[in-house]
Amino acid sequence: MVHQYKNNGYNIVLDVNSGAVHIVDDVMYDVIPMFEENTKEEIIQSLESKYNKADVEEAWEEVKELADDEQLFTKDEYEGYIEQFKTRPTVVKALCLHIAHDCNLACRYCFAEEGEYHGRRELMSFEVGKAALDFLIANSGNRRNLEVDFFGGEPLMNFDVVKQLVAYGREQEKIHNKNFRFTLTTNGVLLNDDIMEFANKEMGNVVLSIDGRKEVHDYMRPFRKGAGSYELIVPKFQKFADSRNQERYYVRGTFTHNNLDFSEDVLHLADLGFKQISVEPVVAQPTESYALKEEDLPQLFEEYDKLAVEMIKRHKEGKDFNFFHFMIDLEGGPCVAKRLSGCGSGTEYLAVTPWGDFYPCHQFVGNEKFLMGNVYDGIKNTELQSEFKCCNVYAKEKCRNCFARFYCSGGCAANSYNFHGSITDAYDIGCELEKKRIECAIMIKAALADEA
Amino acid sequence: MKHVKTLNTRKLQKTVKKGGVGNQSCNK
């Protein structure tokens, strides 16, 4: 399967099953779609009114050379391989600890509904958190590196327990030859110098929630009484990012139907001095006024294009920043097995509620259908776990023939469930945006290679 | 080659034997 497209003056050809990316001239761009179905003579005849005959012939030879070298028209022979891969024994690699089901903001788009996840307000006790870490150690097999996200709600509303659990983890990792990588997400309201110092010592990554421009941020992320939070958090986030040498963090925003010109928000964050930026599309039911709609897609595509061009420009000016959704590794990146088997939710990754229940990931918390067990009894719903284990791109009709499948791994199971009632479907607007982002990310690579 | 510039050399099919998301790094 070959995907070819034009972007920012580049003719780009992605050989989907090998991952090879080619930048081609116009004649080769026109030869490629005819190559498999036509003879060399037919192609020359068809294109000789448009191009010099010798050029068409030469381009055909080069296409053939790439195909013979398995860099074009590479066959998809992975389905049987993935069947074997999904029967492998898995270990738990990561936990998302819902350290606080409570929040000091009332963000309009929050899937956790002011941090409560369709349930009650509660803070995780040290005892529940300790049992979760014990479960992770016991169920991680020989794996040494373990990840624990402190998530919410707003984790800083339960910061004492965060500190206690980190101390417990550091003590246990020596005993069990493990290495904990802790991460923290925060809205910044309670952030102070002591917390920054602690996080810089103990947190492998921090995620700082901010949507972009003041009016955009304050409209979607107000305090419960309606005041905006932008002015309070921006100076603290700037200080925090600098104190981490502009590494090992993300400022993370959400764009909605209310700010379809979201590239302005990304650039606003860059202009505030942030170097690690993620601004992501809201996922909401169409009944919500801020939900993204299918008719928004053309404008959103333009915004991604605009952002990509601006990032290239800033790179040339020495003012680079990273945009999470444009980061792509064409030379390395994970193996086919990882790319096709998905994110690991429900098998390698679990979310833990404040009272110790397990869910496949934070997006499923509060939906009792997806309750998997708890920190004391372990995984009880093994049938559900098997369902998640078998959730790979070949289990999804929409993904089997999609050019993006090696980069998105079939998308988010929770989004699929929320829109289609099944974890083996795909959220269509999310798919379209993901495909566009991959096209832009590859174009940026082409532009940087051009420059080199 | 005159008509094409290839950006990368890694082939995913080579990871079938050695292996076993877009910006994730791998034991590669």
Side-chain angles (χ1 to χ4, degrees), chain A residues 12-13 15-29 31 55 58-59 61-63 65-66 69-71 74-75 77-78 81 84-85 88 324-339 341-343 404 406-409 434 437-438 441-442 445-446 449-450, chain B:
Chain A
I12 299 172
V13 178
D15 184 46
V16 174
N17 292 313
S18 71
V21 175
H22 311 286
I23 311 304
V24 303
D25 64 8
D26 287 341
V27 59
M28 193 156 176
Y29 193 84
V31 167
D55 278 345
E58 199 171 41
E61 293 292 347
E62 291 184 11
V63 171
E65 192 176 330
L66 289 171
D69 191 37
E70 295 189 320
Q71 292 188 82
T74 307
K75 299 281 178 269
E77 294 174 340
Y78 304 127
Y81 169 58
Q84 296 166 20
F85 184 69
R88 78 202 188 287
F324 185 72
H325 276 159
F326 283 173
M327 293 167 70
I328 195 166
D329 185 347
L330 297 180
E331 200 58 67
C335 63
V336 165
K338 170 62 183 171
R339 287 170 188 263
S341 58
C343 63
F406 289 98
Y407 298 97
C408 90
S409 297
E434 173 73 358
R437 292 191 297 253
I438 290 166
I442 291 174
K445 290 285 189 192
D450 224 12
Chain B
M1 291 199 194
K2 182 179 158 189
H3 300 274
V4 58
K5 175 177 170 182
T6 299
L7 290 186
N8 54 353
T9 54
R10 192 181 193 215
K11 295 177 181 173
L12 290 178
Q13 60 270 41
K14 300 277 188 195
T15 69
V16 168
K17 278 186 181 170
K18 287 184 175 177
V21 168
N23 69 44
Q24 188 170 26
S25 291
C26 169
N27 287 347
K28 70 179 177 191

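Bear in mind that the values here come from a model prediction, so they are computed numbers and not experimental data. Numbered from 1 within each chain, the chains take letters A, B, ... in sequence-line order.
- Atom CG of residue B/Leu7 and atom CD1 of residue A/Ile12 lie 8.0 Å apart, to the nearest 0.5 angstrom.
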Start with the C-alpha gap between A/Val24 and B/His3, add the side-chain angles, then the distance that decides, and say whether side chain to side chain contact (heavy atoms under 4.5 Å, CB included) holds. CA-CA 6 Å; A/Val24 303; B/His3 300 274; 5.9 Å; no
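- For a residue to count as touching a neighbouring chain, one of its non-hydrogen atoms must lie under 4.5 Å from one of that chain's; by this rule A/Val27 touches chain B with the side chain only.
- Contact tally against chain B (heavy-atom pairs below 4.5 Å) for A/Asp69, A/Ile438, A/Ile442: the top residue is A/Asp69.
- If you measure heavy-atom distances from A/Asp55 to chain B, the contacts under 4.5 Å come from both the backbone and the side chain.
- The line from CD1 of A/Ile23 to OG1 of B/Thr6 is 8.5 Å long, rounded to the nearest 0.5 Å.
- For B/Gln13, the side chain to side chain contact (heavy atoms under 4.5 Å, CB included) test picks out A/Ser18, A/Glu70, A/Thr74, A/Tyr78, B/Lys11, with sequence neighbours left out.
- Side-chain contact check for A/Gln71 versus B/Thr9: every heavy-atom pair is 4.5 Å or farther apart.
- Of the charged side-chain nitrogens involved, at least one lies within less than 4.0 Å of a carboxylate oxygen, so that B/Lys2 and A/Glu58 count as a salt-bridged pair.
- Looking at A/Ala404, there are no atoms closer than 4.5 Å to chain B (heavy atoms on both sides), in backbone or side chain.
- Between the B/Asn8 side chain and the A/Val21 main chain, a donor and an acceptor come within less than 3.5 Å of each other.
- Across A/Glu61, A/Glu62, A/His22, the residue that shares the most heavy-atom pairs under 4.5 angstrom with chain B is A/Glu62.
- Partners of B/Lys5 according to the side-chain hydrogen bond (donor to acceptor under 3.5 Å, both in side chains) rule, which considers only residues two or more places apart in sequence or in another chain, do not exist here.
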Show, in sequence, the C-alpha distance, side-chain angles and deciding distance for B/Met1 and A/Leu66, and conclude whether the side chain to side chain contact (heavy atoms under 4.5 Å, CB included) test is met. CA-CA 10 Å; B/Met1 291 199 194; A/Leu66 289 171; 4.1 Å; yes
